[in-house]
Number of protein chains: 2
Amino acid sequence: MRRDSRLSGVLHVLLHMAQQPGPFTSETLAKAMDTNPVVIRRIMAGLRELGYVRSEKGHGGGWTLACDLSKVTLRDVYAALGSPALLAMGNRTEAPGCLVEQAVNAALDQAFSDAEALLLSRLGEVTLAMLSEDFRKRLGSRKHHGMHAHGA
Amino acid sequence: MRRDSRLSGVLHVLLHMAQQPGPFTSETLAKAMDTNPVVIRRIMAGLRELGYVRSEKGHGGGWTLACDLSKVTLRDVYAALGSPALLAMGNRTEAPGCLVEQAVNAALDQAFSDAEALLLSRLGEVTLAMLSEDFRKRLGSRKHHGMHAHGA
DNA sequence: GCGATATGTAACATATCAAGTTACATGAGA
DNA sequence: TCTCATGTAACTTGATATGTTACATATCGC
């Protein structure tokens, strides 16, 4: 199944923004992400509604971080995207009349909801500040080898 | 994202088969599942290769259970389907040169693999025999209310 | 052997959805 | 007012689960 990479993408954007202050245009961010400005605006829309970022039009406009990175978790970002489905699998039918299917659904639902709960919990343990810190650590160790932050 | 219901579907088929001995034609099973015989053959193909079911052609042919239901777990059935993706989300790019993306991927991968491991573990704890037992329990309690096993 | 029945499988159709693209409206600053 | 930027609708594209048709192959009963 095709996998949704919006969470990965929006985190990438946020972390890039965390490295310098200025507002970033959608086009700048899109170039860094190798995608389209409209896609950036789309995935940022939810974040703006929750107040994690701000956007301004016109000259000198663009996107700005508007939150305490140590207070926002990956789970918050996930929620800002509209909480899309976490699991690639689901039941064939919900609320089936067939008792066989009810038994199957009950077993699968148990396993599925456990996994979802764990994933959400893990995402809730990681803040954007922690990610940013990890990035800087990686940057430091790579610099010692004379390489760039970006590459093919 | 569209959710994969093959696991749910194939479990449904197997449990139906567990209720009576005879071979079942793809058409019979398809009717019970409200789908197409070809779809049944497709999802059963992997199970046959692993020896969980047998198929025979011609008169009196069809699908037969060929395993000890108490020895086959939902995880085994999942594997028989080819182990399709469990999670609906993934990284934007694997092995990125961008250090920001590396940091993002590392965090997400951790959470993702934890959730996948838990899900697989849970699926591994449930056998087809347990599901069949649960079904029979449901059947018993519904019978007391004068209802059928199937219904809209 | 022959016809009926069943699986096996390729090929094609359909539906859904993330992602990409185009077009245009709106608003802010120089 | 002109330029730059976001906001958003509409459309295109690609991937994939699912559904369907068609036909080949194997097996049973006569």
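Both backbone and side-chain heavy atoms feed into the values below; hydrogens, waters and symmetry mates do not. Chain letters run A, B, ... following the sequence lines, proteins first, then strands; residues in each count from 1. Values in this document were obtained by computation on a predicted structure and should not be read as measured data.
- When rounded to the nearest whole Å, the span between CD of A:E27 and C1' of C:dG20 equals 15 Å.
- Residue B:T35 places no side-chain N or O under 4.0 Å from the OP1 or OP2 atom of D:dT18.
- Protein atom CZ of A:R42 is 11 Å distant from nucleotide atom C1' of D:dT12, rounded to whole Å.
- Residue B:I40 contributes atom CD1, which lies 16 Å from atom P of C:dT9 at whole-angstrom precision.
- With rounding to whole Å, A:L29 atom CG is found 12 Å from D:dA5 atom C1'.
- Contact between the side-chain N/O atoms of B:R6 and the OP1/OP2 oxygens of D:dA17 is found at a separation under 4.0 Å.
- Within the 4.0 Å cut-off from OP1 or OP2 of D:dT6, at least one side-chain nitrogen or oxygen of A:R41 is found.
- Residues A:L14 and B:V104 have side chains not in contact (no heavy-atom distance under 4.5 Å, counting atoms from C-beta outward).
- The B:V38 side chain lies nearest to C:dA10 when the options are C:dG20, C:dA19, C:dA10.
- Atom CZ of B:R136 is separated from atom OG of B:S141 by 14.0 Å, given to the nearest 0.5 angstrom.
- Between C:dA6, C:dT21, D:dT6, one nucleotide has an atom nearer to the side chain of B:K57 than all others, and that is C:dA6.
- Side-chain contact of B:T25 with B:T28: a donor-acceptor pair under 3.5 Å is present, judged by distance alone.
- Between the CH2 atom of A:W63 and the P atom of D:dT6 there is a distance of 7 Å, rounded to whole Å.
- Taking the nucleotide of DNA chain D with the nearest heavy atom to each of A:R48 and B:D4, the more 5' of the two is matched to A:R48.
- The interatomic distance linking B:H59 (NE2) with D:dT27 (C1') rounds to 9 Å, in whole Å.
- The interatomic distance linking B:N36 (CG) with C:dT7 (C1') rounds to 13 Å, in whole Å.
- A close approach under 4.0 Å does occur between a side-chain nitrogen or oxygen of B:S5 and OP1 or OP2 of D:dT18.
- Among the atoms of the strands shown, none is found under 4.0 Å from any heavy atom of A:G60.
- Here the nucleotide nearest the side chain of B:V39, chosen from C:dA19, D:dG19, C:dT7, is D:dG19.
- Under 4.0 Å is where a charged nitrogen must lie from a carboxylate oxygen, and between B:E133 and B:K137 no such pair does.
- Here A:T25 does not reach the OP1 or OP2 of D:dC4: none of its side-chain N or O atoms lies under 4.0 Å away.
- Of the inter-residue distances, the one linking B:E116 atom CD with B:S121 atom OG reads 13.0 Å to the nearest 0.5 angstrom.
- As rounded to whole Å, 13 Å separates atom P of C:dG8 from atom CD1 of B:I43.
- Considering only the side chain of B:R2, C:dT16 comes nearest among C:dA28, C:dT7, C:dT16.
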